[in-house]
Protein chains: 2
Amino acid sequence: MEGPNEKDFIGVLRDHGLQVTYQRLAIYQALYNTQQHPSAETIYQQVRKRFPMISLGTVYKTLERFHNVGLIQKVSPMTDVSRYDAVVEPHHHAVCVKCQMIQDVMDPSLGDGIALPEGESFHVLRKQVLFQGYCPECYAKEKSGTP
Amino acid sequence: MEGPNEKDFIGVLRDHGLQVTYQRLAIYQALYNTQQHPSAETIYQQVRKRFPMISLGTVYKTLERFHNVGLIQKVSPMTDVSRYDAVVEPHHHAVCVKCQMIQDVMDPSLGDGIALPEGESFHVLRKQVLFQGYCPECYAKEKSGTP
DNA sequence: TTAATTGCAAAGGTTTTGCCGCCGC
DNA sequence: GCGGCGGCAAAACCTTTGCAATTAA
């Protein structure tokens, strides 16, 4: 278990301005060592094997903290609550990371020619391009320093 | 309010095998007449102006029903609960619509050259290509008829 | 020492479920 | 008339929050 596996987890946390605790180390390592994109609950179950006293609330707080400092990313969901669209034809979306406004991007040729790399056995039903960023209103506020 | 606005909502519902009720008409029209990608709560508030007796539960049930028969799409979230990733470098994902497995698609050139159409004022921080479909396991089950 | 972090439990918010009366077909 | 649907309320979740005790720096 030594050698190349011995990533400097402590250093990584410190580099992101985070205090180092056993809980944080365990949570980050659990996420780092899987490619499963786990949920908070899954990480909690994993970490609990080594630290049975950890609480689910701490896992949530910690993941949120990690995400805020850019140590990890939240893959899904893009919005807090479910959002619906009467347009069923495949098209693309731009989502504001701040106000969660969703804007259609109707250019149908966008994404043409994009396909999974050879060898992937995933059966694709549809693909869409997702833009994340600031809507015009939130971008203006951001630039002017308004929170 | 007559004329081109007079889309045959009743026919659309029937074509999808749905019974026609005033609630369903109101919900579908509310969604059809906006580009805001509203939440269930937002639709509820909208429909309530005309049908104050409608319940939020009905809105949820109805939207779920609409989605199941392909009348509308659920834009977000892709997964029921939040999912995290230790990989922060921008990359792409394939999400299984059935078991919600998330698979990385690391091809970094994928999506190169994709940009918002001219004239969009959205400030893009990142873009990702999202593949939705069946993972190998669920695809095998689907083909063999196992539910 | 001091501010941040943890665990616990309660609260908050979203979505689902159960049940019964009602309505579309 | 029958099966599906709507309203209501409770329940089930997921996630956040408040607080006292503990810990990192």
Side-chain angles (χ1 to χ4, degrees), chain A residues 9-28 30-31 37-45 47-69 71-72 74-84 100 102, chain B residues 8-31 37-48 50-69 71-84 100:
Chain A
F9 289 109
I10 293 179
V12 172
L13 293 182
R14 291 228 166 93
D15 289 348
H16 283 81
L18 298 166
Q19 278 194 25
V20 177
T21 66
Y22 286 112
Q23 293 89 338
R24 287 179 174 185
L25 281 171
I27 290 169
Y28 182 57
L31 188 56
H37 307 77
S39 65
E41 177 69 31
T42 303
I43 293 171
Y44 171 60
Q45 296 301 342
V47 170
R48 216 143 83 107
K49 294 178 188 168
R50 288 178 171 245
F51 299 93
M53 73 299 297
I54 201 174
S55 80
L56 180 57
T58 296
V59 175
Y60 272 104
K61 281 180 197 166
T62 302
L63 289 170
E64 180 65 18
R65 194 83 214 290
F66 285 180
H67 177 242
N68 284 340
V69 300
L71 177 59
I72 67 173
K74 196 184 277 190
V75 176
S76 165
M78 300 293 126
T79 58
D80 293 334
V81 302
S82 294
R83 302 277 287 272
Y84 303 88
Q100 306 199 342
I102 300 175
Chain B
D8 179 17
F9 290 109
I10 294 179
V12 172
L13 293 183
R14 290 228 167 93
D15 289 347
H16 284 82
L18 298 166
Q19 277 193 27
V20 177
T21 67
Y22 285 112
Q23 292 89 338
R24 287 180 174 187
L25 280 172
I27 291 169
Y28 182 58
Q29 287 180 35
L31 188 57
H37 306 78
S39 65
E41 175 70 31
T42 303
I43 293 171
Y44 172 59
Q45 296 302 341
Q46 179 66 26
V47 171
R48 216 143 83 107
R50 288 178 171 244
F51 299 93
M53 73 300 297
I54 200 173
S55 81
L56 180 57
T58 296
V59 175
Y60 272 104
K61 281 180 197 166
T62 303
L63 289 170
E64 181 64 18
R65 193 82 216 290
F66 285 0
H67 177 241
N68 284 340
V69 300
L71 177 59
I72 67 173
Q73 70 167 306
K74 198 184 276 192
V75 176
S76 168
M78 300 291 124
T79 58
D80 294 334
V81 302
S82 295
R83 302 278 287 271
Y84 303 88
Q100 306 199 342

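Each chain gets a letter, A, B and so on, in the order its sequence line appears, and its residues count up from 1.
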Participant: Do nucleotides 10-22 of chain D as a string where each nucleotide becomes B, S or -: B if the base has a protein heavy atom under 4.0 Å, S if just the sugar-phosphate does, - if no protein is that close.
Facilitator: ----SBBBB----

Participant: Quick check against the 3.5 Å criterion: does A:Arg65 have a side-chain atom that pairs as donor or acceptor with the backbone of A:Arg24?
Facilitator: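 Side chain of A:Arg65 to backbone of A:Arg24, a donor-acceptor pair under 3.5 Å: no, none is there.
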
Participant: Looking only at atom types and distance, does a side-chain atom of A:Gln100 sit under 3.5 Å from a main-chain N or O of A:Asp80, one as donor and one as acceptor?
Facilitator: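 Yes, A:Gln100 side chain to A:Asp80 backbone: donor-acceptor pair under 3.5 Å.
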
Participant: Using only side-chain N and O atoms of A:Thr21, determine if any of them is under 4.0 Å from OP1 or OP2 of D:dT23.
Facilitator: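 It does not, given that no N or O in the side chain of A:Thr21 lies less than 4.0 Å from OP1 or OP2 of D:dT23.
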
Participant: Specify the separation, in whole Å, of atom CG of A:Leu25 and atom C1' of D:dT23.
Facilitator: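 Distance check: A:Leu25 CG to D:dT23 C1' gives 14 Å.
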
Participant: On the nucleotide C:dG24, are OP1 or OP2 found under 4.0 Å from the side-chain N or O atoms that B:Arg24 carries?
Facilitator: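 Answer no for this pair, as no side-chain N or O of B:Arg24 is under 4.0 Å from OP1 or OP2.
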
Participant: Measure CD1/B:Ile43 against C1'/C:dT15 and give the value in whole Å, please.
Facilitator: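 The distance from CD1 of B:Ile43 to C1' of C:dT15 comes to 14 Å, rounded to the nearest Å.
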
Participant: Considering just the side-chain nitrogens and oxygens of A:Arg65, establish if one lies under 4.0 Å of OP1 or OP2 belonging to C:dA4.
Facilitator: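 No, A:Arg65 has no side-chain N/O under 4.0 Å of OP1/OP2 on C:dA4.
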
Participant: Is it the case that atom OH in A:Tyr22 sees more than 12 heavy atoms from other parts of the structure closer than 6.0 Å?
Facilitator: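 Incorrect, the count does not exceed 12.
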
Participant: Kindly give the heavy-atom pair with the smallest separation between A:Val75 and B:Tyr84, and that separation in Å.
Facilitator: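 Nearest pair, atom of A:Val75 first, then B:Tyr84: CG2-C, 4.2 Å.
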
Participant: Round to a whole Å and report the spacing from OH of B:Tyr44 to P of C:dG13.
Facilitator: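 Spelled out: OH on B:Tyr44 to P on C:dG13 is 16 Å.
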
Participant: Rounded to the nearest Å, what distance is computed from the CG atom of residue A:Leu18 to the C1' atom of nucleotide C:dT6?
Facilitator: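 Atom CG in A:Leu18 sits about 15 Å away from atom C1' in C:dT6.
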
Participant: Quick check against the 3.5 Å criterion: does B:Arg83 have a side-chain atom that pairs as donor or acceptor with the backbone of A:His37?
Facilitator: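 Confirmed, B:Arg83 side chain pairs with A:His37 backbone.
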
Participant: Send over the distance from A:Gln19 CD to D:dA24 C1', rounded to a whole Å.
Facilitator: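 Checked: the CD to C1' distance equals 5 Å.
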
Participant: Could you go through B:Leu71 and B:Leu13, starting from their C-alpha distance and side-chain angles, then the distance that decides it, and tell me whether this counts as side chain to side chain contact (heavy atoms under 4.5 Å, CB included)?
Facilitator: CA-CA 8 Å; B:Leu71 177 59; B:Leu13 293 183; 3.6 Å; yes

Participant: Atom CZ of B:Arg48 to atom P of D:dC8: distance rounded to whole Å?
Facilitator: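 It works out to 10 Å between those atoms.
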
Participant: Would you mind reading off the distance between B:Arg14 atom CZ and D:dG4 atom C1', rounded to a whole angstrom?
Facilitator: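 From B:Arg14 CZ to D:dG4 C1': 14 Å.
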
Participant: Which atoms form the tightest heavy-atom contact between A:Phe51 and A:Ala26, and what is the distance?
Facilitator: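 Scanning both residues completely, I find the closest heavy atoms to be CE1-CB, 3.6 Å.
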
Participant: Could you check how far CD of A:Gln23 sits from P of D:dA24, rounded to whole Å?
Facilitator: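 Rounded to the whole Å, the gap is 9 Å.
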
Participant: Looking at the side chain of B:Val20, which of C:dC25, D:dG7, C:dG7 is the nearest nucleotide?
Facilitator: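 Selected nucleotide (nearest to the side chain): C:dC25.
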
